[in-house]
Amino acid sequence: MLSDSDITALILTLKLAALSTLILMMLGLPLAWWLARTQWRGRFLVEALVALPLVLPPTVLGFYLLIAFSPNAWLGRWYQHITGSQLAFSFSGLVIGSVLYSLPFVVQPLQTAFSAIKSDLIDAAATLRASPIDRFFNLVLPLARPGLVAAMVLGFAHTLGEFGVVLMIGGNLPGETQVASVAMYEHVDTLQFENAHALAGTLLCLSFVLLVGVYATHKRYSVLRW
């Protein structure tokens, strides 16, 4: 049975995952499209930078973000000047950290889906005087639908399970920055295994339902094997 504090942490986690996924899709769509179509020789540098969180220990990324968010750093000082509140140990800081950490889980499925679209189809649409915006929204996005769904689900599910980054950036402030994974760690640390089981089981079921939804509605599973 989930306690009130666990429900609060779970709601905060879902809010963080939903907002992060929205921002990830807004950033990931143009970036993935550019990576799939550009002929620039230095493309591999951008691809490596995007994929860096896949191999970087989360605590390392969280540590450097915590330094950047500090009031002594230009980013943290600028944010505090604009909003009047600090970026470190705040929900806004968690969102930025989650977006950076989950970026490859959104960009790579999208890039794979965009790369699979034949250029002939796009060129044919261009000969019919379809504008670049029309071609992207009415041709490219429908054809890349499996990749879009996979990117959204992976971005959302990955944010649900974040631990190292959110702990470094947000700490463990109940109701403000305490997400479900951090609350579960606290239960284990204080030997409250029954509460930890309830929270872990909830996250497990939620993640499983998300993946079942993807596999049940789409037959093109190859976009998940990047």
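As the structure is a prediction and not an experimental result, all values here were calculated from the model.
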Would you say that [X] contacts [Y] through its side chain, given a criterion of any heavy-atom pair below 4.5 Å between the two side chains?
X      : Y      : answer
Pro174 : Thr8   : no
Thr202 : Asp6   : no
Phe105 : Pro53  : no
Glu47  : Gln108 : no
Gln86  : Pro71  : yes
Leu49  : Leu45  : no
Leu160 : Leu16  : no
Phe91  : Val95  : yes

Suppose the criterion is side chain to side chain donor-acceptor pair (under 3.5 Å): which pairs have a residue in [range], not counting sequence neighbours?
range            : result
residues 118-128 : Arg37-Ser119
residues 55-75   : none
residues 16-28   : none
residues 172-182 : Asn172-Gln178, Asn172-Glu186, Gln178-Glu186

Look at the side-chain heavy atoms of Ile, Leu, Val, Met, Phe, Trp and Tyr, link any pair under 4.5 Å apart, and say whether [X] and [Y] land in one connected group.
X      : Y     : answer
Val188 : Leu2  : no
Ile67  : Ile96 : yes
Leu100 : Leu66 : no
Met168 : Leu56 : yes
Leu12  : Ile7  : no

Could you walk me through whether Val106 and Met25 pass the side-chain contact (heavy atoms from CB on, under 4.5 Å) test, one step at a time? CA-CA 7 Å; Val106 170; Met25 294 304 294; 3.9 Å; yes
I need the minimum non-hydrogen distance between [X] and [Y], along with the two atoms involved.
X      : Y      : result
Pro109 : Pro104 : CD-O, 3.9 Å
Leu173 : Phe89  : CD1-O, 4.0 Å
Ala68  : Ala73  : O-CB, 3.3 Å
Ala183 : Leu199 : CB-CD2, 3.8 Å
Gly97  : Ile169 : CA-CD1, 3.8 Å
Ser98  : Val166 : OG-CG1, 4.3 Å

Any chance you could measure [X], atom [atom1], to [Y], atom [atom2], to the nearest 0.5 Å?
X      : Y      : atom1 : atom2 : value
Thr38  : Trp33  : OG1   : CH2   : 12.0 Å
Ile23  : Ser102 : CD1   : OG    : 11.5 Å
Lys15  : Ile11  : NZ    : CD1   : 10.5 Å
Leu139 : Leu141 : CG    : CG    : 9.0 Å
Asn138 : Ile133 : CG    : CD1   : 10.5 Å
Leu31  : Leu110 : CG    : CG    : 9.5 Å

Step-by-step side-chain contact (heavy atoms from CB on, under 4.5 Å) determination, Leu121 to Leu143: CA-CA 10 Å; Leu121 294 175; Leu143 290 175; 4.0 Å; yes
Answer yes or no: are there more than 12 heavy-atom neighbours, outside Ile82 itself, under 6.0 Å from its atom CD1?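 Yes, because the 6.0 Å sphere around CD1 of Ile82 holds more than 12 heavy atoms from other groups.
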Does atom CZ of Phe63 have more than 12 heavy-atom neighbours, drawn from other residues, nucleotides or ligands, at distances under 6.0 Å?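 Counting other residues, nucleotides and ligands, CZ of Phe63 stays at 12 neighbours or fewer.
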With Tyr101, which residues qualify under ring-ring contact (aromatic ring centres under 6.0 Å, His included), at least two apart?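 Residues passing ring-ring contact (aromatic ring centres under 6.0 Å, His included) with Tyr101: His158.
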Residues in ring-ring contact (aromatic ring centres under 6.0 Å, His included) contact with Phe163, at least two apart in sequence or another chain: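 Phe163 satisfies ring-ring contact (aromatic ring centres under 6.0 Å, His included) with Tyr185 once adjacent residues are dropped.
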Has the side chain of Arg135 got a donor or acceptor atom that lies under 3.5 Å from a matching backbone atom of Ala125?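 Not confirmed, Arg135 side chain does not pair with Ala125 backbone.
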Side chains of Ser3 and Ser5: is there a donor and an acceptor less than 3.5 Å apart?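 Side chains of Ser3 and Ser5: pair found under 3.5 Å.
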Test side-chain contact (heavy atoms from CB on, under 4.5 Å) on Glu162 and Thr13; report intermediate values, then the result. CA-CA 9 Å; Glu162 285 183 25; Thr13 304; over 6 Å; no
Step by step, work out the side-chain contact (heavy atoms from CB on, under 4.5 Å) result for Phe69 and Ser90. CA-CA 10 Å; Phe69 293 168; Ser90 69; over 6 Å; no
